[in-house]
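The block underneath contains the structure these notes are about, expressed in structure tokens.
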Amino acid sequence: MNRIEKGSLLVLAIIVAFNIFFGLGSIPLLDPDEPVYAETAREMIQFNDYLSPRIYNEYWFDKPPMYYWFVAGAMHVFGDGEFAARFPAALMAFLTVIMLYCSITRLFNERAGFWSALVLATSVQFFYLGKAAVTDTTLLFFLTGSLLCYLHKQYWLMYVCMALATVTKGPIGIVFPGAIIFLHILCTGQWQRLFKMHCLRGLLLYFFIAAPWYYLMYQVHGMEFINTFLGFHNLTRFTTPEHPTRVLWWYYFPVIILGLFPWTGLLLQSIKASITDSRSDDLEKMLFVNIWWLFVLIFFTISQTKLVSYILPMFPALAIVIGWNIARMQKENYGIRWSWIFGSGIMFLLLTAGWVIGGQQLPEVAFGGIVLGSVTFILGVSIVWALWRYRDINFSAWLHVVTGVLTMVIAFSFLLPMIANRFSVKEIVRVYHTKCDQQKPVYVDKFLRPGFMYYTGAPGEEVKPKSGDLARVLNDPGQKYVLVRGLELRRLKDKDKLQNLNEIKEIGDIYLLEKY
């Protein structure tokens with residue numbers, strides 16, 4: 001059995017801890033998603049009800065309670081705030097990387113485990129979601145754990161991980177690992193493995209852990225819970241687009257290109273190598289890993305509702321493929337790696353242009369975009385030079401790690417703080433507290449409402465986008481305040497004719513208005 005190297009584990013832990021925990025509480029919660037989870041956890045504490053999630057002081061059935069429980073626990077330890085809201089996600093991201101290192105070391109070799117973990121830890125999408133107060137990395141930990149347990153033939157623990165994933169985000173907790181495992185058995189013809197997996201008793205263990213919350217929720221809320229949680233938030237979202245403009249078959253390809261950066265340039269070569277260059281003892285395991293990421297990609301490509309974060313469960317599999325390939329190339333270490341040179345060269349040039357052009361879209365970060373683009377370009381050239389001139393696999397791989405870490409530092413030290421007010425109501429809520437009469441009604445843009453509730457403790461009245469709600473609210477008589485995005489305000493027709501309307505403050509294209 002391959003040994004875990006304490007030195008490698010320590011280096012890895014330091015890098016991933018820095019990449020995930022750096023600046024964790026320095027940026028306000030970004031609307032609309034992050035404040036939802038923080039506010040729901042806060043209301044669990046407020047109402048002393050850890051069974052039924054609430055927001056705006058009303059029950060809601062969007063997600064199971066696992067992440068809310070974690071955040072509520074963090075609030076008890078660290079106090080209410082951005083750090084506590086994000087800490088559980090960051091911790092689960094950290095643990096996912098460490099688990100990946102230990103598992104892949106045992107399955108393949110120590111170098112494959114080390115590089116697989118580093119690839120995952122320094123990928124843009126992984127460390128961004130690891131710093132966000134959302135459920136994705138918690139789900140990722142349990143899903144990844146269940147699939148790795150299958151490879152290690154730790155079947156009882158596999159069922160436990162599936163159950164905990166189900167209490168984190170719903171049926172996906174068993175559907176994903178179940179489908180991936182079935183496809184692997186189908187492709188390899190290992191049907192006898194089903195008998196060794198204790199399927200019936202394993203499912204009993206799964207339901208023993210996963211079912212109690214669902215049963216208790218049904219007992220308390222009846223069919224409303226079933227119809228809303230299973231009907232709308234699972235089936236309807238899969239079959240009906242929540243965001244019709246995103247129903248594109250290629251939607252997730254740009255997400256992978258950016259999300260896997262700075263490692264994207266090695267992806268195609270690594271996938272090819274995992275099929276053509278695997279030794280016989282590695283081939284079956286690499287087949288499983290390739291089924292893993294391919295199933296996730298196809299599933300969410302078919303799904304009508306598409307969000308950037310949905311495909312995070314495929315990233316550990318992609319990291320394994322790339323990490324295994326880096327370890328293979330280090331061991332062989334001959335010839336010029338032309339596919340790596342061209343792949344990373346193209347991707348680094350593409351991202352250089354992306355950072356610069358993207359920065360031009362927001363004046364606050366135009367210079368920061370140039371800085372990040374310049375750093376990306378210099379490191380990309382250095383990687384190409386190291387591979388072409390010196391054929392140094394190890395140094396080139398470490399330059400990718402440096403790129404991932406520097407990208408995170410620049411983004412979370414300079415770029416995101418400058419544009420946070422475009423995506424968070426924290427600053428404009430301070431204006432509301434100092435300049436507004438708290439007794440008057442306040443109407444809040446739907447996308448800003450979770451943050452307004454979190455930072456004020458008052459739910460406000462919801463104003464739905466593209467619905468005519470804003471025009472009605474501003475035309476109705478009576479004194480009130482309105483908090484709205486500039487995007488919605490600019491959609492109004494004849495807004496110059498609105499009477500008795502005063503702009504109190506605009507911060508980051510978010511407007512606080514007074515109707516008198």
Side-chain angles (χ1 to χ4, degrees), residues 8 11-23 93 97 100-101 111 114-131 254-270 315-316 318-323 325-327 329-330 337 339-359 365 367-416:
S8 295
V11 169
L12 178 64
I14 291 171
I15 293 173
V16 66
F18 179 75
N19 229 35
I20 296 297
F21 290 99
F22 178 87
V97 174
L100 193 69
Y101 166 70
R111 288 293 85 189
F114 183 72
W115 284 110
S116 296
L118 271 182
V119 170
L120 183 63
T122 55
S123 296
V124 167
Q125 182 158 338
F126 180 79
F127 69 66
Y128 175 77
L129 290 174
K131 293 174 179 287
V255 176
I256 294 171
I257 290 173
L258 175 59
L260 197 59
F261 183 79
W263 304 97
T264 321
L266 285 83
L267 180 58
L268 294 180
Q269 172 211 359
S270 298
F315 274 64
L318 296 179
I320 293 169
V321 172
I322 295 172
N325 191 39
I326 292 173
M329 289 188 290
Q330 285 180 328
R337 303 293 176 175
S339 57
W340 189 346
I341 289 173
F342 284 113
S344 285
I346 291 170
M347 289 303 165
F348 272 71
L349 282 175
L350 185 63
L351 266 295
T352 295
W355 299 136
V356 174
I357 295 171
V365 294
F367 179 72
I370 293 173
V371 171
L372 183 54
S374 301
V375 169
T376 301
F377 179 77
I378 292 169
L379 287 167
V381 170
S382 301
I383 290 167
V384 170
W385 179 255
L387 288 169
W388 177 66
R389 182 68 178 83
Y390 298 105
R391 305 179 185 181
D392 195 329
I393 302 297
N394 193 58
F395 182 62
S396 301
W398 275 108
L399 284 175
H400 282 77
V401 174
V402 171
T403 303
V405 173
L406 285 179
T407 300
M408 183 281 298
V409 170
I410 294 171
F412 283 86
S413 295
F414 305 105
L415 302 184
L416 281 176

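Source: prediction; values computed, not measured.
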- Query: Got a second to check how far Gln269's CD is from Ile341's CD1, nearest 0.5 Å?
  - Reply: 10.5 Å
- Task: Run the numbers on Val119 and Val401 for side chain to side chain contact (heavy atoms under 4.5 Å, CB included), then give the verdict.
- Result: CA-CA 7 Å; Val119 170; Val401 174; over 6 Å; no
- Message: To the closest 0.5 Å, what do you measure between CG (Leu318) and CG (Leu266)?
- Response: 12.0 Å
- Message: With heavy-atom distances below 4.5 Å as the criterion, would you say the side chains of Met329 and Arg337 are in contact?
- Response: yes
- Message: Within a 6.0 Å radius of atom CZ on Phe414, are there more than 12 heavy atoms belonging to other residues, nucleotides or ligands?
- Response: no
- Message: Tell me whether the rings of Trp385 and Tyr390 are parallel (<30°), tilted (30 to 60°) or perpendicular (>60°).
- Response: perpendicular
- Would you find a donor on one side and an acceptor on the other, under 3.5 Å apart, between the side chain of Lys131 and the backbone of Asn19? yes
- Do you know which two heavy atoms are closest between Ser396 and Ile383, and how far apart they sit? OG-O, 3.9 Å
- Could you list all the side chain to side chain donor-acceptor pair (under 3.5 Å) pairs where at least one residue sits in residues 115-126, not counting sequence neighbours? Trp115-Gln330, Thr122-Trp263
- Note on the structure: Scanning both residues in full, the closest heavy-atom pair of Gly404 with Phe127 reads O-CE2, 3.7 Å
- Message: For Ser8 versus Arg111, what's the shortest heavy-atom pair and its separation?
- Response: OG-NH2, 3.0 Å
- Message: For the CZ atom of Phe377 and the OG atom of Ser382, what is their distance to the nearest 0.5 Å?
- Response: 9.5 Å
- Message: As an exercise, state the distance from CD1 of Ile357 to CD1 of Ile370, rounded to the nearest 0.5 Å.
- Response: 11.5 Å
- Taking side chain as C-beta onward, heavy atoms only, is Ser344 less than 4.5 Å from His400? yes
- Closest non-hydrogen contact found for Phe261 with Thr376 is CZ-CG2, 3.6 Å
- Could you check whether the rings of Phe114 and Trp398 sit parallel, tilted or perpendicular, using 30° and 60° as the cut-offs? tilted
- Message: Looking at every non-hydrogen atom in both residues, tell me the closest pair between Val384 and Gly345 and how far apart they are.
- Response: CG2-CA, 4.0 Å
- Note on the structure: Heavy-atom closest pair (Phe395 atom, Ala386 atom, distance to 0.1 Å) is CD2-CB, 3.7 Å
- Message: Working to the nearest 0.5 angstrom, can you tell me the gap between Phe348 CZ and Leu399 CG?
- Response: 8.0 Å
- Task: Among Leu415, Leu372, Val375, find the one that has a side chain to side chain contact (heavy atoms under 4.5 Å, CB included) with Trp355.
- Result: Leu372
- Task: Side-chain contact test, heavy atoms from C-beta onward, threshold under 4.5 Å: evaluate it for Val16 versus Phe21 and give yes or no.
- Result: no
- Item | Intermediate values then yes/no, side chain to side chain contact (heavy atoms under 4.5 Å, CB included), Leu387 and Asp392 | CA-CA 6 Å; Leu387 288 169; Asp392 195 329; over 6 Å; no
- Task: Could you give me the CA-CA distance, side-chain angles and deciding distance for Phe18 and Ile14, then say whether side chain to side chain contact (heavy atoms under 4.5 Å, CB included) is met?
- Result: CA-CA 6 Å; Phe18 179 75; Ile14 291 171; 5.5 Å; no
- Query: In this structure, are over 12 heavy atoms from other groups packed under 6.0 Å from Phe412 atom CZ?
  - Reply: yes
- Query: After noting the C-alpha distance and the side-chain angles of Tyr128 and Met408, does the key distance pass the side chain to side chain contact (heavy atoms under 4.5 Å, CB included) rule?
  - Reply: CA-CA 8 Å; Tyr128 175 77; Met408 183 281 298; over 6 Å; no
- Rounded to the nearest 0.5 Å, what's the gap from OG1 on Thr407 to CG on Leu379? Could you check? 8.0 Å
